[in-house]
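Note sheet for the following structure.
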Amino acid sequence: MVKGKSIFTRAVHAGERGPRPDFEPVSTPIYSTVGYRYASMEDLDRIFGNEREGYVYARYGSPTNSALEEALAAMEEGEAAISFGSGMAAVYAALLGAGVKNGTSLVAAYDIYGATYSICARLLPDMGVKVQFVDVTDLEGLGKTLSENKPVAVILETISNPLMKVADVPTICTMAHRVGGKVIVDNTFATPFLFQPLKHGADYSVHSTTKYIGGHGDVLGGAIICSQEKRAKLHEIIKMTGGNLGPFEAWLTHRGIKTLPVRMRQHCSNAGQVARWLESNPRIGRVNYPGIPSHPQHEVAKKLFPEGLFGGMISFEIKEATKEQVFRFMEALEMIIPATTLGDVYSLVLYPPMSSHRALSPEERAKVGISDRLVRLSVGIEEASEIIEDLERALEKSSKIRG
Ligand code: PLP
């Protein structure tokens, strides 16, 4: 096609649009293209008109993203999934998809990821949405709020960030549906390995795939798993508003899924050991981990999750510590990384008042139960005894610094 053409034309077109290979790649390639060419313009017209499947433009979808979305839906045995450029883009799209708009009412768990809280506490009220925050573990209070407000949607996390409260999702779905509300469950902490919200009545299962699904701390992304019908509405939203996941990020995320169950087994086993050790340590106050009997929703967690598996996330308070003392503890860790993320293969610690829940005022944090002594630990897949050793060493060292 470029033979005999000028160097300008050869430079632009050579090597592209060759004959289709007769092999099938084992792993879905990264389709790093914005546009797609079809032999017939009628085909392109039909795809634009949703009369046949295909790809026309990267914001509308790509084969790499479709492969990821098929895998995500399969993980939770949902009908469909749609990927986003970040977890927050997915959370926001789910709210729009569920019908949250001017004049409607939304019920949100107040113990929820900081940016989700900010959407609910600041962005949505400015847009004319009435938002009621509730403790979703108080089913009686929730029932009252639902019948008084008749919300279009309820948003909550299966395991909450950062206090690890466990929501009784099946019961909450029944209650919300009774008043006509859709249920959006952020399933990031539980992952599809522990829990599949749609099977328990949820309308949207949202993930920050940046976390366990990607799993290696190298890719930002988000996803919603839902029915085909709801996906079609979300697809119209993403076509208008963007927020897409790029094909390279989709490919990395898809690769992460392949080892999710194997990693989760190790995360859960390690976290159980670390939580029990923390509970027995005299320097540690409250330990929040759904797998220990002292956890207020331990029975709910046992009902929702497969036997003996309670996730990889823990939070705990260092007894009588100030913010500065918590900082010294975090700096004294040698293997565990103080970094603003979770769900990676690495063990990570975070100080919620400084990062994930910084946007909340001190009063809001106090109301939610996030104290200045609280540390969030994402237990990695290293050797459990070596994670414990690092925690012990850092607690010992930081206690000496305190004098
Ligand atoms: N949901 C939960 C539970 C999270 O912890 C986070 C981020 O930490 C998000 C949503 C937002 O995800 P992202 O950072 O991918 O936008």
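Since the model is a prediction, treat every value here as computed from it, not as a measurement.
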Practice task
For side-chain hydrogen bond (donor to acceptor under 3.5 Å, both in side chains), just list the numbers for Ser371 and Glu317, CA-CA rounded to whole Å, side-chain angles, deciding distance to a tenth of an Å, and then say yes or no.
Solution key: CA-CA 8 Å; Ser371 78; Glu317 290 185 343; 2.8 Å; yes
Exercise for the section: Let me see the working for Glu364 and Lys367 under salt bridge (Lys or Arg N to Asp or Glu O under 4.0 Å), right down to the final yes or no. Expected result: CA-CA 5 Å; Glu364 283 172 322; Lys367 193 167 169 224; over 6 Å; no
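- Contact detail for Val274 and Leu391: the closest heavy-atom pair is CG1-CD1, 3.7 Å.
- For Glu51, the CD atom is densely surrounded, since the number of other residues' heavy atoms within 6.0 Å is greater than 12.
- Counted within 6.0 Å of CZ on Arg286, heavy atoms from surrounding residues, nucleotides or ligands total more than 12; the atom is thus considered enclosed.
- Using a 4.0 Å cut-off between charged side-chain N and carboxylate O, Glu299 and Lys302 make a salt bridge.
- A ring-centre distance under 6.0 Å is found for Tyr117 and Phe133.
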Exercise for the section: Mind running side chain to side chain contact (heavy atoms under 4.5 Å, CB included) on Leu374 and Phe316 for me, showing each step along the way? Expected result: CA-CA 6 Å; Leu374 189 74; Phe316 59 90; 5.9 Å; no
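- Annotation for Ala81 and Ala73: closest pair CB-N, 3.9 Å, computed over non-hydrogen atoms.
- Checking Glu279 against Ser294 by side-chain atom types alone, a donor-acceptor pair falls below 3.5 Å.
- Remark: of the listed residues Ile155, Ile112, Ile184, Ile155 is the sole one forming a side-chain contact (heavy atoms from CB on, under 4.5 Å) with Val91.
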Atom pairs and distances, donor-acceptor, side-chain atoms in residues 212-220, under 3.5 Å, two or more places apart:
{"from": "His216", "atom 1": "ND1", "to": "Gly214", "atom 2": "O", "distance (Å)": "3.0"}

Exercise for the section: Under the side-chain hydrogen bond (donor to acceptor under 3.5 Å, both in side chains) rule, what do Glu148 and Thr145 come out as? Steps first, then yes or no, please. Expected result: CA-CA 5 Å; Glu148 278 168 14; Thr145 309; 5.6 Å; no
Practice task
Would you please test Tyr55 and Tyr60 for ring-ring contact (aromatic ring centres under 6.0 Å, His included) and show each step?
Solution key: CA-CA 7 Å; Tyr55 302 95; Tyr60 291 31; over 10 Å; no
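- Checked against the 6.0 Å centroid threshold, Phe310 and His298 count as a close aromatic pair.
- Using a cut-off of 4.0 Å between Lys/Arg side-chain N and Asp/Glu carboxylate O, Arg328 and Glu331 are scored as salt-bridged.
- Residues Leu350 and Thr341 come closest through the heavy atom pair CD1-N, 4.3 Å.
- Of all heavy-atom pairs between Thr64 and Pro29, the closest is OG1-O, 3.0 Å.
- Taking every heavy atom of both residues into account, Glu76 and Asn187 meet most closely at OE2-ND2, 3.0 Å.
- Among residues at least two apart or in separate chains, side chain to side chain donor-acceptor pair (under 3.5 Å) pairs with a member in residues 98-114 are Asp111-Ser160.
- Formation of a donor-acceptor pair under 3.5 Å by the His254 side chain with backbone atoms of Thr28 is not found in this model.
- Considering all non-hydrogen atoms of both residues, Val206 and Ala90 come closest at CG1-CB, 3.9 Å.
- Look at Glu334 and Arg393 and you find a salt bridge, because one of the NZ, NE, NH1 or NH2 atoms lies within 4.0 Å of a carboxylate O, short of that distance.
- Heavy-atom contacts from other residues, nucleotides or ligands closer than 6.0 Å to CZ of Phe327 number more than 12.
- Summarising the local packing, CZ of Arg265 is surrounded by 12 or fewer heavy atoms from other residues, nucleotides or ligands at distances under 6.0 Å.
- Crowding of Tyr38 atom OH: a count of heavy atoms from other residues, nucleotides or ligands under 6.0 Å exceeding 12.
- Salt bridge status for Glu79 with Lys230: absent, with no side-chain N to carboxylate O gap under 4.0 Å.
- Considering only heavy atoms from C-beta on, Asp186 stays 4.5 Å or farther from Thr158 through its side chain.
- A salt bridge does not link Lys144 with Glu140: every distance from a Lys NZ or Arg NE/NH1/NH2 to an Asp or Glu carboxylate oxygen is 4.0 Å or more.
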Practice task
With side-chain hydrogen bond (donor to acceptor under 3.5 Å, both in side chains) as the test, would you mind laying out the steps for Ser205 and Gln196 before giving the verdict?
Solution key: CA-CA 8 Å; Ser205 169; Gln196 297 98 35; over 6 Å; no
Practice task
Please assess Asn288 against Arg376 for the test side-chain hydrogen bond (donor to acceptor under 3.5 Å, both in side chains), listing each intermediate value before the final yes or no.
Solution key: CA-CA 9 Å; Asn288 303 307; Arg376 192 188 76 187; over 6 Å; no
Hey, can you pull the donor-acceptor pairs under 3.5 Å for the side chains in residues 119-129, sequence neighbours left out?
{"from": "Arg122", "atom 1": "NH2", "to": "Ala359", "atom 2": "O", "distance (Å)": "2.6"}

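- Contact check on Arg231 versus Glu69 returns a salt bridge, with a Lys/Arg side-chain nitrogen under 4.0 Å from an Asp/Glu carboxylate oxygen.
- Within 6.0 Å of the NZ atom in Lys303, the count of heavy atoms belonging to other residues, nucleotides or ligands exceeds 12.
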